[in-house]
Amino acid sequence: MSYQFQFNWLAQYYPEIVKGIGITLQLISIGAVLGIALGIACAWARALGPTWLKPIVAAYVELIRNTPFLIQLFFIFFGLPSLGLQLGELQAANIAMVVNLGAYSCEIIRAGIQSTPKGQFEAGASLAMTPFETFRHVVLVPSLQRIWPALSSQVVIVMLGSSVVSQIAAEDLTFAANFIQSRTFRAFEAYMVSTLIYLVLAILLRQILAVIGGFIFPRRATR
Amino acid sequence: MTEFTLWDILRNLLLATRWTILLSLVSFVGGGLVGLLLLFLRISSRKAVRVFARCYIELFQGTPLLMQLFIAFFGLGLFGIDVPAWLAAGLALILWTAAFLAEIWRGCVEAITKGQWEASASLGMGRLQQMRYVILPQAMKIAVPPTVGFSVQVVKGTALTSIIGFVELSKAGTVVTNATFQPFTVYGLVALIYFALCWPLSKSSQMLERKLNVAHRNH
């Protein structure tokens, strides 16, 4: 192989990369917070909600979980404007990530809620709590604690999946890599560097989520 | 200007769906074979081999599939090979699928109680014999539902190959949109076709899981 690897473009283009990392982190932060919030609401609806709401949420979850993120993104960015809803690329990317993580985290959180011992609900009711109060004060936090590792993995998966938002010209890390390779023709090196950055981000994000988990869920008896 | 009927759009999308299905099958079968090899490395008795397999899995699970596709597409070109999109797509998807399947299967193998290993060792079986006659037959049973479940991820993963120019369902969606200027209809249909492919897989995975739980309830 006579190919010479060159990384001297890094000196010139590192601001693009830093900016890309910033956008990627911004997308996953907003996506994770709102997505998990949506997931909690949907999990409540599917596990404990009114009967009429259950099939609607189930349809949403199944539809999102069985279609590619790329198509969801294209549908929101290119399809919705024909209904009169114009979105910027970052808004579209954010909405797509929230909707996507919402559906996945719904199923994960629902598993946590449904593994709550029945006695917990009865105990809440015997303290004269309404079903919603029982959910909020008794059931929710231990449920989240049980499924936090699975939820963290899903957040990391969504972060890695967010690399496709470059396809609607949201200027994330992948967009930066594409930009650099189009300027320098150093495609392999540009993608190699950004792949390694993604790997580091994924490892860091996992650590951060573990720390956040330890912060939200201080040691407590779960049963 | 040509007018496109809904049938024109749907027909073209369905023609492209064949490639999505073919690529999914190739990735799943190829990924399964490489994944099996990787599983043996991952649970090998030699530490260096185990570490290698763990790094491989970590690398492929910790980086975006899109980046792996780009690297396969542009990286293979460095060896002087003219890389067609289908080759890069197939290769990247096989390696990516292998990493996930190996990790899923490792969980299944480790779920087999230690006594089974010890019992087969006491019968004088070598490690390969243990795997072949004792461990894998039991592990395969619990591995079926998550493996079928992962096939959904493979089908969805093939959508990314449109970005490196492989013409499958997603790429066809983009092409048809550019011709018809009806993104809402086209991407809606594309989503429905993917749903029609993936939903039966998801459902059968769930059903298999339930069936297995019933079988294990009395143990």
Side-chain angles (χ1 to χ4, degrees), chain A residues 1-5 24 61-83 85 153 156-157 159-167 172-174 177-178 181 185-206, chain B residues 20 55 58-80 100 149 152-153 155-163 168-171 173-174 177-178 181-203 206:
Chain A
M1 190 166 83
S2 56
Y3 187 83
Q4 294 288 315
F5 288 98
T24 292
V61 169
E62 291 296 324
L63 203 60
I64 296 298
R65 276 162 48 101
N66 289 298
T67 52
F69 179 62
L70 183 68
I71 298 301
Q72 295 160 14
L73 191 68
F74 281 176
F75 187 79
I76 290 171
F77 188 67
F78 297 118
L80 289 188
S82 58
L83 296 186
L85 189 64
S153 305
V156 173
I157 289 173
M159 192 273 281
L160 296 175
S162 79
S163 67
V164 303
V165 301
S166 58
Q167 293 306 305
D172 74 330
L173 182 52
T174 308
N178 282 332
Q181 78 97 6
F185 300 106
R186 292 280 154 197
F188 188 65
E189 290 93 324
Y191 291 126
M192 212 62 189
V193 167
S194 44
T195 301
L196 287 180
I197 296 176
Y198 270 114
L199 184 62
V200 172
L201 287 182
I203 293 169
L204 278 181
L205 187 58
R206 226 173 279 159
Chain B
T20 291
C55 288
E58 179 70 19
L59 191 66
F60 277 84
Q61 291 194 341
T63 57
L65 175 60
L66 181 59
M67 282 292 157
Q68 294 162 24
L69 283 164
F70 279 146
I71 288 181
F73 193 50
F74 292 102
L76 281 180
L78 298 186
F79 295 95
F100 279 85
V152 176
Q153 307 294 327
V155 176
K156 292 193 294 177
T158 60
L160 295 190
T161 61
S162 64
I163 297 172
E168 36 64 80
L169 182 51
S170 300
K171 186 73 183 176
T174 309
T177 303
N178 291 343
F181 305 109
Q182 297 176 352
F184 189 83
T185 316
V186 175
Y187 287 124
L189 283 174
V190 170
L192 284 180
I193 296 174
Y194 273 113
F195 185 78
L197 290 178
C198 293
W199 196 64
L201 291 173
S202 301
K203 271 289 152 214
Q206 280 169 18

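In the text below, chain A, chain B and the rest are named by the order of the sequence lines, each starting its count at 1. Just so we're clear, the structure is a prediction, and the values are computed from it rather than from any experiment.
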Does any heavy atom of chain B fall under 4.5 Å from the side chain of A:Ile197, the backbone, both, or neither of them?
-> neither
Count the heavy-atom pairs under 4.5 Å between each of B:Leu66, B:Leu160, B:Val186, B:Ile71 and chain A, then report the option with the highest count.
-> B:Ile71
Side chain from CB out, backbone as N, CA, C, O: work out which of these in B:Ser162 comes under 4.5 Å of a heavy atom of chain A, or both, or neither.
-> side chain
Shortest non-hydrogen contact from B:Phe184 to A:Gly79?
-> CD1-O, 3.3 Å
A:Ile157 versus chain B, the contacting section by heavy-atom distance below 4.5 Å = neither
Taking the six-membered ring for Trp, are B:Phe70 and A:Tyr191 parallel (under 30°), tilted (30 to 60°) or perpendicular (over 60°)?
-> parallel
Is there a donor-acceptor contact under 3.5 Å linking the side chains of B:Thr63 and B:Gln68?
-> yes
So which of B:Leu59, B:Val152, B:Ile163, B:Val190 has the largest heavy-atom pair count under 4.5 angstrom toward chain A?
-> B:Ile163
Closest-packed option against chain B by number of heavy-atom pairs under 4.5 Å, given A:Ser163, A:Ser166, A:Ala190 = A:Ser163
Shortest non-hydrogen contact from A:Ile76 to A:Pro81?
-> O-CD, 3.8 Å
Non-hydrogen atoms of chain B under 4.5 Å away: do they reach the side chain of A:Leu70, the backbone, both or neither?
-> side chain
Name the region of A:Val156, side chain, backbone, both or neither, that has any atom closer than 4.5 Å to a heavy atom of chain B.
-> neither
Between B:Phe74 and A:Phe188, does the ring centre distance come in under 6.0 Å?
-> no
Name the member of A:Glu189, A:Arg65, A:Met159, A:Gln72 that forms the most heavy-atom pairs with chain B at distances under 4.5 Å.
-> A:Arg65
Kindly indicate whether the side chain of B:Phe60, heavy atoms from C-beta on, has any atom under 4.5 Å from the side chain of B:Phe100.
-> no
If one checks every heavy atom of A:Gln167 against chain B at 4.5 Å, the contacting part turns out to be side chain
Heavy-atom closest pair, residues A:Ala202 and A:Leu160 = CB-CD2, 4.3 Å
Tell me, for B:Thr174 versus chain A, whether the close heavy atoms (under 4.5 Å) come from the side chain, the backbone, both or neither.
-> side chain
Does a salt bridge link B:Glu168 with B:Lys156, judged by any charged N lying under 4.0 Å from a carboxylate O?
-> no
